[in-house]
Amino acid sequence: MSDIINLLPDAVANQIAAGEVIQRPASAVKELLENAIDAGADTIKLVIKDAGKALIQVIDNGRGMSPTDARMCFERHSTSKISKAVDLFSIRTMGFRGEALASIAAIAQVELKTKPFSDEMGTVLLIEGSKVKSQETEALAAGTTFNVRNLYFNTPARRNFLKSNLIENRHIIDEFTRVAMLNPEISFSYFNDERQILLLPASNLRQRITGLMGRNYQEKLLKVEEKTELIGISGFVGKPEIAKKTRGEQFLFVNRRFIKHPYLHHAIVNAFDEIIPNSYFPSYFINLDIDPAQIDVNIHPTKTEVNFQDERVIYSILRAAVRMALGKYSLSPTFEFDQDAFLNFNPPAPGVEIKQPVLKINADYNPFETSKATNTPKQYQNTAFRVERTEPNKIRAIENIYEEVSRVKLEDFQSEKENDSKNISFESEAKMFQFDRRYIVTTIKSNLLLIDQQAAHERILYDRFSSSFDKGKNYSQGLLFPEKLNFSNADIELLGEIYDDLHILGFEISRTKENEFTLTACPSDLMNENPQKIIDQIIDQYKSNLMQLKIDKRQNLLLSMCRNAAIKAGTYLQEEEMHVLLRDLFVSSAPEFSPFGKKIIKSFSNLELIKQFNA
Ligand code: ADP
Ligand code: MG
């Protein structure tokens with residue numbers, strides 16, 4: 001039998017390996033930026049076209065390459081950074097396997113223009129699918145430019161695998177942010193589809209963070225600093241009031257490499273314990289300096305995982321360092337988080353006598369007893385709980401819910417509806433009360449119903465906001481005092497994407513300065529919220545949805561709005577509010593499920609309950 005084993009041609013081997021190293025355009029961006037930094041550049045420009053699929057350009061003024069190095073740098077395992085295997089453990093530069101350029105060149109059309117400071121002339125080299133197409137001598141400025149065009153041109157399967165431009169751009173912004181944050185002494189600029197997104201002059205870390213995250217960070221950073229024999233900790237944490245509901249603004253670096261480390265993340269979050277609510281994440285920008293011998297870096301270039309030998313000790317030191325930073329900053333009582341209604345009390349004026357509270361108990365009160373339905377209080381007639389005219393297809397919705405919650409009979413709803421027979425809605429006269437500030441408890445005939453208040457309101461708002469989109473009509477209300485808004489540069493990008501839709505939903509935002517916005521109107525459902533917070537949360541939510549769900553832009557925005565505008569678990573509701581909420585719920589498009597797919601209603605029949613007691 002003849003031999004059948006062949007060595008894969010280099011180009012093919014490179015293509016396969018390339019897919020691993022360069023998983024998406026952002027990976028190429030990261031490698032090129034890191035190379036520019038390793039080359040000692042102090043000015044770096046990044047230009048992106050079509051989310052990196054058409055062009056990734058990185059221009060640096062670093063040390064440049066000789067004509068031979070210009071060719072060599074594309075060879076696999078070509079690197080000027082390691083010569084012995086042991087170096088792997090002490091390496092502190094960015095790249096270290098000499099793989100990145102070989103990989104990029106295997107799957108793109110790359111033009112390299114480079115000239116060392118001391119050389120007269122520079123080199124222009126074209127390489128495509130690992131094949132050198134041309135190499136010429138040209139007069140160039142000192143430094144290096146990489147033009148990476150048509151990434152994945154010869155691996156269409158991978159190209160098709162890429163996500164939308166929005167998502168790929170987001171990954172690029174993330175990589176750029178990490179690199180720029182670590183190198184505040186280097187000046188960066190970033191252009192996306194001909195637009196300048198960022199211009200970051202050389203400065204210090206505090207200013208760099210502000211440049212990247214937005215001007216509202218200026219006064220909001222607390223310095224973290226600790227030096228022990230084992231580890232050096234330096235950087236900043238955000239003051240508690242800028243904690244967010246998504247994990248976006250957490251940056252942990254080890255020896256100036258970005259890492260994800262849930263355990264150490266926890267150390268930082270834990271230091272904020274009882275200072276910010278559980279569902280919020282503090283912002284942090286922290287670098288750990290540690291002897292490379294003490295850590296085990298998974299040396300796959302796309303991995304961001306590191307193991308520490310003394311993990312527990314580092315946990316304690318890190319937590320203590322963050323605690324200290326927080327302690328130095330005396331916490332002022334200006335929090336604006338969703339406060340429990342219990343905490344909202346007004347202290348009596350000085351001199352006012354405080355009387356012993358008297359408990360009044362209505363011994364005849366029976367929560368399940370039916371009484372005349374209360375009218376909608378005025379304040380709700382025009383807000384979140386507004387009921388719209390019922391349409392015929394809503395009857396279907398009620399039938400559906402009837403099937404869903406089973407046992408509850410349609411006639412039961414109907415017997416309790418208003419006398420207008422066309423207006424089939426849930427006009428229950430049953431008593432309602434709130435359990436755990438989370439569920440509305442009521443009865444329909446011989447059934448006990450538990451309704452998740454937040455999920456129910458999300459459904460109602462979803463219908464309302466989507467009808468705004470459909471009809472182009474919003475429930476906007478002008479603000480008496482226009483509000484100034486500030487956003488991070490990345491958020492401004494996102495804001496641009498959802499701007500028109502936000503407008504349809506009732507937000508009127510105008511840009512007053514480069515980095516400053518004014519809000520003049522707000523959807524009436526959100527009138528009582530802090531607008532900066534609500535828009536931040538919408539953007540936040542939108543961001544995290546982008547990463548998790550494959551949903552279209554509007555849908556994403558709708559969901560974000562519902563999540564944020566809905567009354568939350570923990571909010572006290574008056575009985576009238578519960579009535580209106582349920583009435584709206586039962587005329588909504590899908591009363592049984594929230595727009596997030598969560599069950600809204602649970603029903604228990606009397607028989608079911610009786611069984612429970614007989615068990
Ligand atoms: P690594 O960075 O791991 O060494 P790369 O494939 O990223 O591997 O780069 C290979 C080599 O090419 C580098 O070691 C460096 O010598 C050279 N090089 C790459 N980019 C630049 C640049 N922007 N300026 C100067 N030299 C560069
Ligand atoms: Mg490199």
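Every number for a ligand or one of its atoms is a count from 1 in the order of the listing. Every heavy atom of this structure was used, including side-chain atoms; hydrogens, water molecules and symmetry mates were not.
In the vicinity of Ala100, heavy-atom distances shorter than 4.0 Å reach the ligand 1 atoms 6 (O), 7 (O). Each of the atoms 22 (C), 24 (N), 25 (C) of ligand 1 lies under 4.0 Å from some heavy atom of Ala39.
Distances shorter than 4.0 angstrom do not occur between any heavy atom of Arg63 and any atom of ligand 1. Distances from ligand 1 to the non-hydrogen atoms of Phe146 include at least one value under 4.0 Å.
Only side-chain heavy atoms of Asp60 come within less than 4.0 Å of ligand 1; its backbone N, CA, C and O stay farther off. If you look at Thr144 next to ligand 1, the close heavy atoms, those under 4.0 Å, all belong to the side chain.
In this structure, CG on Asn270 lies 10.0 Å from OH on Tyr263, to the nearest 0.5 angstrom.
Close N/O approach between Leu101 and ligand 1 is found [any backbone or side-chain N/O within under 3.5 Å].
A side-chain N or O of Asp536 and one of Gln532 form a donor-acceptor pair less than 3.5 Å apart. Side-chain contact annotation: Lys53 with Asn165, donor-acceptor N/O pair under 3.5 Å present.
The salt bridge (Lys or Arg N to Asp or Glu O under 4.0 Å) contacts involving residues 183-202 comprise Lys49-Glu194, Glu185-Arg256, Arg195-Glu493, where partners must be two or more places apart or lie in separate chains.
Under the side-chain contact (heavy atoms from CB on, under 4.5 Å) rule, Tyr190 has a single partner from Ile44, Val47, Ile48, which is Ile48.
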Atom pairs and distances, side-chain donor-acceptor, residues 134-144, under 3.5 Å, sequence neighbours left out:
unit_1	atom_1	unit_2	atom_2	d
Gln135	OE1	Arg71	NE	2.9
Gln135	OE1	Arg71	NH2	3.1
Gln135	NE2	Pro67	O	3.2
Thr144	OG1	Thr114	OG1	2.9

